[in-house]
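First up is the structure itself, then whatever we jot down about it.
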There are 2 protein chains.
Amino acid sequence: MNEENGTPRRRLTRAEAKVQTRERLLDAAAHLFASQGFADTGVEEIAESAGYSVGALYSNFDNKEQLFLELLSTRLSDRISSVAEILDADTGGEDPLGNLSRLLVQAADRNAEFVALQAEFWLHAVRNPEFMAAMATQLREQVDALERLVAAALEQRGGEVPGVSARTVTIVVVSLFQGLVRRRLIEPDSVPDDLFGQALRWLFAGLRATASTGAHPDSGAGSNA
Amino acid sequence: MNEENGTPRRRLTRAEAKVQTRERLLDAAAHLFASQGFADTGVEEIAESAGYSVGALYSNFDNKEQLFLELLSTRLSDRISSVAEILDADTGGEDPLGNLSRLLVQAADRNAEFVALQAEFWLHAVRNPEFMAAMATQLREQVDALERLVAAALEQRGGEVPGVSARTVTIVVVSLFQGLVRRRLIEPDSVPDDLFGQALRWLFAGLRATASTGAHPDSGAGSNA
DNA sequence: GTCTATATCAAGATAGAC
DNA sequence: GTCTATCTTGATATAGAC
């Protein structure tokens with residue numbers, strides 16, 4: 001029952017076991033870092049929480065920092081792309097903006113942990129040069145994940161706006177979202193459920209208005225044909 | 001030369017000396033916490049940087065955490081209100097939105113330290129209940145500081161929008177700003193100088209558009225007379 | 001590949017001198 | 001009020017057994 005089930009090996013090759021150990025350690029570390037912070041989480045704590053001991057941890061990672069970097073580089077990317085899939089699946093739709101905001105606010109509320117972990121990464125990145133690149137990538141991926149949806153919303157609401165790329169708008173959208181989420185975690189009442197949705201409607205309406213009014217993207221003088 | 005200059009004491013009363021020591025310690029701590037993080041900054045480091053020794057620190061604060069909380073409660077408020085004054089002074093104006101974005105982006109670029117310190121506080125607040133209240137206050141103060149300016153911009157650009165308070169808009173503006181600033185510190189090119197200004201123009205144009213179009217603040221069905 | 005035991009070090013906090 | 005010296009603890013990282 002535990003042998004050759006299509007694959008020629010008995011249980012787990014040594015290499016596979018190691019991979020599994022790595023994964024479990026990374027999972028445990030993610031939760032602990034998120035809830036207690038990087039500095040206040042001990043390696044022993046991580047190992048224990050994953051069901052191993054320190055030795056196993058140091059056998060799989062150079063040190064605590066490298067584990068942290070690994071988390072930033074690989075793990076979060078997975079999470080983000082999975083969010084992207086959910087969002088894409090829901091894009092069938094009539095009200096992309098509404099979907100966007102509802103799904104995202106839900107997601108943010110469910111795991112404040114993830115938000116905290118991101119903040120933790122951000123702080124580490126602004127201080128440690130070797131984290132910057134990975135952090136930049138991860139921020140870019142967040143934008144990538146939403147860009148399609150934003151583009152769809154743009155098309156639906158009056159088509160393209162000349163001189164304004166979907167990516168630029170997406171950066172604004174994501175930044176706004178993150179700002180609101182952070183505030184909401186501190187003072188929930190100041191950021192009602194629909195505020196993000198509201199802001200998005202204003203933003204997109206304004207994009208159309210600006211386009212037709214003819215305010216120029218670069219200079220201050222707005223003039224169109 | 002050092003006596004009774006209007007005040008009846010020679011130099012510094014013991015109480016005043018203590019206050020001065022506190023201030024210097026708080027200053028030093030602020031810089032160190034901002035650049036290295038709370039956890040990675042030692043009390044000895046703080047004391048030394050302020051020109052004192054550990055004993056002085058523990059004579060003025062219960063412990064490292066209490067010092068941190070003091071910083072969050074008093075120091076940052078000062079800084080924010082000073083920003084508010086600068087902004088207010090510039091409100092004479094023709095283009096409040098432009099002023100707003102230019103001044104803020106400048107301010108953010110000048111001291112990334114402050115941004116990092118805020119993130120540090122935020123993380124501490126989401127984890128430690130005793131920091132939450134202070135953090136909420138400080139977030140509120142940021143909104144307070146900008147609300148007048150936003151209100152002015154609203155009036156200038158088509159007057160009040162029914163059903164939308166200046167404060168609500170300010171919360172959006174501040175959140176967006178913080179989101180953009182944080183991204184900019186990681187990947188500067190993704191957040192060009194004027195992006196915030198652009199976004200503000202979209203936002204305010206959209207506010208007017210939404211008002212006249214008649215999209216209702218609460219429900220999803222937009223219909224007007 | 002993982003565990004246990006330990007070397008090493010650093011940091012927070014205290015106590016008594018000045 | 002502030003300083004110096006020290007107590008105490010806890011954490012990273014290593015080494016050798018299994």
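Just so it is clear: chains get the letters A, B, ... in the order the sequence lines come, proteins before strands, and each one is counted from 1.
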Can you measure B:Leu12 atom CG to D:dG1 atom C1' for me and round it to whole angstrom units?
12 Å

Can you check the A:Leu32 CG to D:dA11 P distance for me, whole Å?
12 Å

Go through C:dG1, D:dT2, C:dT4 for me and flag the one nearest to the A:Ser53 side chain.
C:dT4

Between side-chain atoms of residues 115-123 of chain A and protein atoms elsewhere (two or more places apart, or another chain), which donor-acceptor pairs fall under 3.5 Å?
{"from": "A:Gln118", "atom 1": "OE1", "to": "A:Gln142", "atom 2": "NE2", "distance (Å)": "3.1"}
{"from": "A:Glu120", "atom 1": "OE1", "to": "B:Arg127", "atom 2": "NH1", "distance (Å)": "3.2"}
{"from": "A:Glu120", "atom 1": "OE1", "to": "B:Arg127", "atom 2": "NH2", "distance (Å)": "2.8"}
{"from": "A:Glu120", "atom 1": "OE2", "to": "A:Phe38", "atom 2": "N", "distance (Å)": "2.9"}
{"from": "A:Trp122", "atom 1": "NE1", "to": "B:Arg182", "atom 2": "O", "distance (Å)": "2.9"}

Distances for protein N or O near nucleotides 16-18 of chain D N or O, under 3.5 Å:
none

Rounded distance (Å) that lies between atom P of D:dT12 and atom CZ of A:Phe61
15 Å

Identify the pairs formed between an N or O of the protein and an N or O of nucleotides 11-15 of chain C at a distance under 3.5 Å, and give each distance.
{"from": "C:dG12", "atom 1": "OP1", "to": "B:Thr41", "atom 2": "O", "distance (Å)": "3.4"}
{"from": "C:dG12", "atom 1": "OP1", "to": "B:Lys64", "atom 2": "NZ", "distance (Å)": "2.8"}
{"from": "C:dG12", "atom 1": "OP2", "to": "B:Val43", "atom 2": "N", "distance (Å)": "2.8"}
{"from": "C:dA13", "atom 1": "OP2", "to": "B:Tyr58", "atom 2": "OH", "distance (Å)": "2.6"}
{"from": "C:dA13", "atom 1": "OP2", "to": "B:Lys64", "atom 2": "N", "distance (Å)": "3.3"}
{"from": "C:dA13", "atom 1": "O5'", "to": "B:Tyr58", "atom 2": "OH", "distance (Å)": "3.3"}

Hey, are A:Asp189 and A:Arg183 close enough for a salt bridge, meaning a charged N less than 4.0 Å from a carboxylate O?
no

Do B:Glu16 and B:Thr21 come close enough that some side-chain heavy atom pair is under 4.5 Å?
no

Integer-rounded Å distance: D:dG1 P and B:Asn60 CG:
9 Å

Closest approach of B:Ala47 to B:Leu25 (non-hydrogen atoms, all atoms of both residues)
CA-CD2, 3.9 Å

To the nearest Å, give me how far apart CG (A:Leu67) and P (D:dT12) are.
11 Å

Going by the side chain to side chain donor-acceptor pair (under 3.5 Å) test, which pairs reach into residues 33-44 of chain A, not counting sequence neighbours?
A:Gln36-A:Thr41, A:Gln36-A:Glu45

Show me the donor-acceptor pairs, under 3.5 Å and distance only, between side chains in residues 164-177 of chain A and residues at least two apart or in other chains.
{"from": "A:Ser165", "atom 1": "OG", "to": "A:Thr168", "atom 2": "N", "distance (Å)": "3.0"}
{"from": "A:Ser165", "atom 1": "OG", "to": "A:Thr168", "atom 2": "OG1", "distance (Å)": "2.8"}
{"from": "A:Arg167", "atom 1": "NE", "to": "A:Glu147", "atom 2": "OE1", "distance (Å)": "3.1"}
{"from": "A:Arg167", "atom 1": "NH2", "to": "A:Asp144", "atom 2": "OD1", "distance (Å)": "2.1"}
{"from": "A:Arg167", "atom 1": "NH2", "to": "A:Glu147", "atom 2": "OE1", "distance (Å)": "3.4"}
{"from": "A:Thr170", "atom 1": "OG1", "to": "A:Ala166", "atom 2": "O", "distance (Å)": "2.6"}
{"from": "A:Ser175", "atom 1": "OG", "to": "A:Ile171", "atom 2": "O", "distance (Å)": "2.8"}

With sequence neighbours excluded, tell me which residues meet side-chain contact (heavy atoms from CB on, under 4.5 Å) with A:Ser59.
A:Lys18

Kindly say if A:Thr21 contacts the phosphate of C:dG1, meaning a side-chain N or O under 4.0 Å from OP1 or OP2.
no

For A:Ala125 and A:Phe131, work out which heavy atoms get closest and say how close.
CA-CB, 3.7 Å

Using atom CD1 of A:Ile46 as one end and atom P of D:dA13 as the other, report the distance to the nearest whole Å.
10 Å

